[in-house]
There are 2 protein chains.
Amino acid sequence: MVGIKDVARRAGVSVGTVSNVVNRPHLVSATTRSRVLTAIQELGYVRDESARQLRAGRSRILALVVLDLGNPFFVDIARGAEQAAHDEGLHVITCDSGQQADREQSYLSMLAEQRVRGVLLSPVDTSGVALETFRRNEIPYVFVDRRVPADEASSVSVDDVAGGALAARHLVERGHREIALVNGPQILAQCRDREAGVRSVLADSAARLSVLETNDLDVASGRDAGARLLGMSPRPTAVFCANDLLALGVLQAMVSSGVRVPEELAIVGYDDIEFAGAAAVPLTSVRQPARRLGHRAATLLIAETTEDTAPPARQTVVFEPELVVRESTKTVVR
Amino acid sequence: MVGIKDVARRAGVSVGTVSNVVNRPHLVSATTRSRVLTAIQELGYVRDESARQLRAGRSRILALVVLDLGNPFFVDIARGAEQAAHDEGLHVITCDSGQQADREQSYLSMLAEQRVRGVLLSPVDTSGVALETFRRNEIPYVFVDRRVPADEASSVSVDDVAGGALAARHLVERGHREIALVNGPQILAQCRDREAGVRSVLADSAARLSVLETNDLDVASGRDAGARLLGMSPRPTAVFCANDLLALGVLQAMVSSGVRVPEELAIVGYDDIEFAGAAAVPLTSVRQPARRLGHRAATLLIAETTEDTAPPARQTVVFEPELVVRESTKTVVR
DNA sequence: ACGAGCGGGTGAATCGTTTCATACGGTGAT
DNA sequence: ATCACCGTATGAAACGATTCACCCGCTCGT
């Protein structure tokens, strides 16, 4: 494998000069520079980032660890983050923890060993012990889609309590009195918060809430929940699902067993992924600004890594969710 | 930042011994080992992969470059690849080229600089010049979802010609005579092949084909194509879309302008992503074994990187697609 | 005429790890 | 008594790039 020494020999200069040509071309005379550049061309020299990084002590890579890449919501976050990173000449690598604490931990260890420049994290493990390593080694991290106290770290999130409330209020206003919540696992703060939002609204209403908890936040779990929903009595007239994948699963279960949506069951989802509007019955959903979330989080993280002077103050950014009403809740009860 | 030297000092041993504790524990006596391990614990030592890699000459990372992470098909490929890599103690980083040759090139350069162990590539750029670097530096690569001659590289793909034919035959058998193909850009081999499959079937039939080409393979492009479709006369009675995202877009356009599916327009998609079955009208689609694709490709790649003896023979794996019939083509014409 | 300053270039030290030749005390065979 | 060997531990060389102190040959100001 060709290294900087080979280039230097070929061009008849020292390795220092080659390095300068690559990194600070203005320090090198035009003639030498072109001689070096042709040598690089001819040999097909590609610089070795690991050596570069060893010397520099840190890499040019940001990491993003998400809960589920199968959820387009997180893909959008990734896109926002990548865009912000790209503008700074950094790269983002995205890791899918699949909502499993051990996989998350495995990725985090890997990232620490890689000495990534910083980490964007949408955590499973709420305890934060996994981050001890980063703290010790001064690798900055920013939480995405999860609010944390500002003294702990910066975070960029969407107000999930408000989002849950938005959905619940909508259903109550439509006249529903038997409402179900199909929620993901309680370890996820998003799920806890959305439920809290729902409860805060329903407490002041005449509506009754039943909660079905699923293991995963995916379509298959939604189908299961849908099946369970069908067996309930009294059967709810409306269901709020903790995300759109669940909602699509529930909807599939209804369609396949001939239950009409929204006449017999109204459905509200969460995230407003692109597929929500294309569903069997277009889904009412709580929209989150995913791309902006990712972009903003990456921007914050980058600011923390470029510590010209003092480390910048931690920030807690909270976006507001927005209700998008579609067919799946078009009916009014009573 | 704490390094191996700090650990060595703390434990009162040499750096070589610390390295042995971490990498070949059996070479170290139990007492020394535990002394070193506690030192590691106390100091919170995390080994530096870049140094490790510099010495080793290559990393423990595989890369996967896909056309569009917004397409669940590629997410499934990624999952399959990750699983295969994980079993070998390797990690996969996934890059989204967004079907743009320049972004693809940018990622490939980055990966070469990182000296990744190998690359799984679903290429935009058909020319393959981008791979010159990998060839020179002996970084193995395997094509995913794209067949190439075996003397060039291994590849794992699905027979797109057969897939296109499958869809077309299905529509012809249903009695359709005016068929439209909503296809993605011709630079993508997948699109060319699927079209070829369609044409091979329609040539022997009484059906007429009109082709609408889109710039991207996403839902928005599908909506546009749907709108164009509505303006055609005679209007096709069936449409085959080069992937499910396009199909969902077309379907949305039909629903929002009151055209009944499948009565007025039958739709066939491609990939059979999870959302296809949950669509407004569940989509007939050509299923591809995405996970197996990724898993097999990674397995092949790994085999190429562990060159015990001679480099293994290049392989060309081609899976067969499968038609999944749903509501969107349930009608019979005439 | 002499030193300061400058553009352009050099080469060695450095980053943190792995690995390999070497050392050393002890044991068993000859 | 000598030697070979074993288990264990050591320390230095290597990996490839960056960086920094230094050097050389010029020009310019005084």
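Sequence lines set the chain letters: A, B, ... in the order given, protein chains first and strands last, and positions in each chain run from 1. As the structure is a computational prediction, the values presented were derived from the model and not from experiment.
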(request) Walk me through it: do A:L62 and A:V119 pass the test side chain to side chain contact (heavy atoms under 4.5 Å, CB included)? (result) CA-CA 6 Å; A:L62 301 181; A:V119 180; over 6 Å; no
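For A:V15 and A:R35, each mapped to the nucleotide of DNA chain C holding its nearest heavy atom, the one lying further toward the 5' end belongs to A:R35.
Nucleic acid contact for B:S50: none, since no nucleic acid atom lies under 4.0 Å from a heavy atom of the residue. Across all strands shown, B:V18 has no heavy atoms under 4.0 Å from either base or sugar-phosphate atoms. B:G16 comes within 4.0 angstrom of a base, heavy atoms only. At a threshold of 4.0 angstrom between heavy atoms, the contacts of A:V22 with the nucleic acid are absent.
Distances shorter than 4.0 Å separate none of the side-chain N or O atoms of B:T17 from OP1 or OP2 on D:dA9. Proximity of B:R33 to the phosphate of D:dT8: no side-chain N or O atom is located under 4.0 Å from OP1 or OP2. Within the 4.0 Å cut-off from OP1 or OP2 of D:dA17, not a single side-chain nitrogen or oxygen of A:S19 is found. Contact between the side-chain N/O atoms of B:S29 and the OP1/OP2 oxygens of D:dA9 is found at a separation under 4.0 Å. Neither OP1 nor OP2 of D:dA17 sits under 4.0 Å from any side-chain N or O of A:N23.
For A:R52, the side-chain atoms get nearest to D:dA17 when compared with the rest of C:dT17, C:dC15, D:dA17. Closest contact between the side chain of B:N20 and the listed nucleotides C:dT10, D:dT10, D:dA17 involves D:dT10. Set against C:dT18, C:dG16, D:dA17, the side chain of A:R47 has D:dA17 as its closest nucleotide. Which of C:dT17, D:dA17, D:dG16 sits closest to the side chain of A:L54 comes down to D:dG16. Closest contact between the side chain of B:S14 and the listed nucleotides D:dG11, C:dG16, C:dT10 involves D:dG11.
Across all non-hydrogen atoms, the minimal contact from A:R292 to A:F319 is NH2-CE2, 3.2 Å.
In this structure, A:E132 pairs ionically with A:R135, as a charged nitrogen and a carboxylate oxygen lie closer than 4.0 Å.
With hydrogens and angles ignored, no donor-acceptor pair closer than 3.5 Å exists between the side chain of B:R55 and the base of C:dT17.
Under 3.5 Å, the side chains of B:T32 and B:S29 contain a donor-acceptor pair of N or O atoms. Using modelled atom types, one finds no donor on one side chain facing an acceptor on the other under 3.5 Å when comparing B:S59 with B:E49.
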